[in-house]
Structure formats: C-alpha cells, structure tokens
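Mind looking over this structure? Questions follow.
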Amino acid sequence: MAEYKVAKSPAILVSLGLGSCVGVALYEPTKKIGGLAHVMLPDSSLSGKKDFNPGKFADTAIDMMIQDMVKIGVDPKRLTGKIAGGAQMFQIKSDSSIMQIGRRNVEAVKSKLALLNIKILSEDVEGNYGRTIEFNCETGELTIRTIGHGIKKI
C-alpha cells in the first residue's frame with residue numbers, strides 16, 4: 001500500500017487489498033520489465049508534509065516508478081499500462097466528489113498516464129468491491145482476484 005516496485009522477468013509483482021486505491025501496472029514488453037504502484041490518493045498536493053511518501057499519490061508514484069524503470073533499461077516511450085481498483089467501498093449519500101476517492105484516483109491515474117502518452121491497454125475499475133492484483137513481468141498479464149467476483153486476467 002502506498003508504494004511501487006519495478007522488476008524484470010520472471011518476477012511477479014503483487015498488490016494486496018485495493019479498495020479505493022488504484023493499482024497501476026506499467027510494462028515494457030521487449031525487455032519484459034514491469035512496474036506496479038498501489039496509489040492511495042490522487043494528488044500530492046493533498047499531503048500536509050513536505051517530506052511525503054511519493055508512492056502514495058498518483059502524480060508522484062507514476063513518475064518515480066518510471067524513473068526506476070528507466071534505471072534498469074526501459075525506454076519510457078515503449079511503456080503501456082493497465083489499471084485496476086478505484087472502488088467506492090462504502091455507500092455515500094452525498095454527490096460530492098470529495099467523498100468519491102476511488103473515482104478521483106482513477107481519474108488522476110488516467111490523466112497522468114495520458115499526460116505521459118502511456119496508453120492504457122485494459123482496465124478493471126470502480127464498482128464496490130476490493131481487489132488483489134498480480135502483475136506478471138514475463139507476459140504483461142494483470143490478474144485480478146476479488147471476493148464474490150472471481151478472477152479476471154487483463
């Protein structure tokens with residue numbers, strides 16, 4: 001939670017218990033290098049601290065993950081993305097977007113990836129259930145496990 005990792009094949013990266021958080025998987029298929037971030041909040045401006053965890057926010061986690069991927073040989077122009085999560089875990093009677101953190105996280109991740117010209121190949125987002133995801137650095141496949149909604153590969 002609130003972290004990111006990068007790895008080369010044959011590694012499998014795992015992120016447990018995505019609720020309103022969004023899992024962002026980035027992949028470079030020719031070198032079989034992947035990255036997986038577990039983003040909790042949409043924007044680092046929400047942090048009250050100067051010295052915050054960059055893995056916690058969509059805007060900083062994706063940048064840091066790409067920097068680490070470049071260090072091990074990735075050309076950022078070859079990256080593609082897959083995303084999952086961003087659920088609304090609790091019923092809220094307000095239409096205020098402030099309380100819809102899952103949706104705001106998904107929008108922030110999509111905006112950041114679009115800004116970086118990284119195409120989202122597939123997604124499994126929103127809903128009202130949690131997810132655990134596994135990203136296979138050999139195949140680029142993202143496996144999504146849910147309670148009550150089965151297993152999905154995207």
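Owing to the predicted nature of the structure, the values given are computational and were not obtained by experimental measurement. Scope of the values below: all heavy atoms of this structure, side chains included, with no hydrogens, waters or symmetry mates. In this chain, residues are counted from 1 in sequence order.
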Taken in chain and number order and not counting sequence neighbours, the residues that satisfy salt bridge (Lys or Arg N to Asp or Glu O under 4.0 Å) with Asp63 are Lys112
State which residues pass salt bridge (Lys or Arg N to Asp or Glu O under 4.0 Å) with Glu107; sequence neighbours excluded, sorted by chain then number.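 Expected list: none.
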Any donor-acceptor pair under 3.5 Å from Asn136 side chain to Leu142 backbone: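 Judged by distance alone, no pair lies under 3.5 Å.
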I need the minimum non-hydrogen distance between Ala37 and Met65, along with the two atoms involved.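 Heavy atoms of Ala37 and Met65 come nearest at N-SD, 3.7 Å.
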Restricting to salt bridge (Lys or Arg N to Asp or Glu O under 4.0 Å), what partner residues turn up for Asp124, sequence neighbours left out?
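So Asp124 forms a salt bridge (Lys or Arg N to Asp or Glu O under 4.0 Å) with Arg131, Lys152.
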Note: with side-chain heavy atoms under 4.5 Å as the link, the other cluster members for Ile151 come out as none
_Non-neighbouring partners of Glu138 that pass side-chain hydrogen bond (donor to acceptor under 3.5 Å, both in side chains), sequence neighbours left out_ =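 With sequence neighbours excluded, Glu138 shows a side-chain hydrogen bond (donor to acceptor under 3.5 Å, both in side chains) to Ser9, Lys32, given in chain and number order.
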request  = With sequence neighbours excluded, tell me which residues meet ring pair (Phe, Tyr, Trp, His ring centres under 6.0 Å) with Phe135.
outcome  =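 Phe135 satisfies ring pair (Phe, Tyr, Trp, His ring centres under 6.0 Å) with Tyr27 once adjacent residues are dropped.
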The side-chain hydrogen bond (donor to acceptor under 3.5 Å, both in side chains) partners of Asp43 (sequence neighbours excluded) come to Ser45
Review point. Under the 3.5 angstrom rule, does the side chain of Thr139 hit a backbone N or O of Glu141 as a donor-acceptor pair?
Key: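 Yes, Thr139 side chain to Glu141 backbone: donor-acceptor pair under 3.5 Å.
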If you take all heavy atoms of Thr60 and Pro54, which pair is closest and at what distance?
->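 Nearest heavy atoms, Thr60 then Pro54: OG1-O, 2.7 Å.
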Are Ile66 and Leu26 side-chain neighbours, meaning at least one heavy-atom pair lies under 4.5 Å? yes
What one should report as the nearest heavy-atom pair of Ala7 and Cys137 is O-SG, 3.6 Å
> Under a single-linkage definition using a 4.5 Å side-chain heavy-atom cutoff for Ile, Leu, Val, Met, Phe, Trp and Tyr, are Val74 and Leu116 assigned to the same hydrophobic cluster?
Replying inline: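 Yes, same cluster.
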Sorted by chain and residue number, the side-chain hydrogen bond (donor to acceptor under 3.5 Å, both in side chains) partners of Glu123 (sequence neighbours excluded) come out as Lys110
CD1 (Ile72) and CD1 (Ile33) are apart, to the nearest 0.5 Å, by 4.5 Å
_Quick test of your reading: applying side chain to side chain donor-acceptor pair (under 3.5 Å), list the pairs with at least one residue in residues 11-23, sequence neighbours left out, ordered by first then second residue._
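Matches after skipping sequence neighbours: Ser15-His38.
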- Any salt bridge between Glu3 and Lys56, counting N to O under 4.0 Å? no
Closest non-hydrogen atoms of Ala84 and Ile133, given as atom of the first, atom of the second and distance, are CB-CG2, 4.0 Å
When rounded to the nearest 0.5 Å, the distance separating NZ of Lys153 from CD of Glu134 is 8.0 Å
In short, Val6 meets Met69 closest at the heavy-atom pair CG1-CG, 3.3 Å
Exercise for review: For residues Cys21 and Val39, determine if any side-chain heavy atom of one lies less than 4.5 Å from a side-chain heavy atom of the other.
Suggested key: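 With C-beta onward as the side chain, the pair stays apart.
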The complete set of ring-ring contact (aromatic ring centres under 6.0 Å, His included) pairs with one or both residues in residues 57-77, sequence neighbours excluded, reads Phe52-Phe57
- Go through the structure and list residues passing salt bridge (Lys or Arg N to Asp or Glu O under 4.0 Å) with Asp68, not counting sequence neighbours.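 Lys71.
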| Hey, quick one: are Ile101 and Val125 part of the same hydrophobic cluster, counting side-chain heavy atoms closer than 4.5 Å, chains of contacts allowed? |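 Cluster IDs for Ile101 and Val125 differ.
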Practice problem: Calculate, to the nearest 0.5 Å, the distance between atoms CD1 and CG belonging to Ile62 and Leu113 respectively. | Solution: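 Answer rounded to 0.5 Å: 4.5 Å.
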If you define the side chain from C-beta out and look only at heavy atoms, does anything of Arg103 sit under 4.5 Å from Glu126?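 The answer is yes, as the side chains (C-beta and beyond) meet within the 4.5 Å cut-off.
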### Query
Are the side chains of Leu36 and Val24 in touch, meaning some heavy atoms are under 4.5 Å apart?
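No, side chains not in contact.
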One should read off an interatomic distance between Leu18 CG and Thr146 OG1, to the nearest 0.5 angstrom, of 11.5 Å
- prompt: Quick one: hydrophobic cluster around Ile12, which other residues, with the 4.5 Å side-chain cut-off, linked directly or via members?
  reply: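 Other cluster members: Val14, Leu16.
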Self-check item: Minimum-distance pair of heavy atoms, taken over all atoms of Ile154 and Lys82
Solution: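 Shortest heavy-atom separation between Ile154 and Lys82 comes out as O-NZ, 2.8 Å.
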Take Glu28 and Thr30 through the test side-chain hydrogen bond (donor to acceptor under 3.5 Å, both in side chains) and record every step on the way to the result.
-> CA-CA 6 Å; Glu28 206 282 49; Thr30 58; 2.7 Å; yes
### Message
For Gly73, is there any backbone N or O sitting under 3.5 Å from a side-chain donor or acceptor partner on Lys31?
### Response
yes
Taking the side chain as everything from C-beta on, heavy atoms only, tell me whether Ile83 gets closer than 4.5 Å to Ile120. yes
Consider only side-chain heavy atoms of I, L, V, M, F, W and Y, link residues closer than 4.5 Å, and tell whether Val22 and Met40 are in one cluster. no
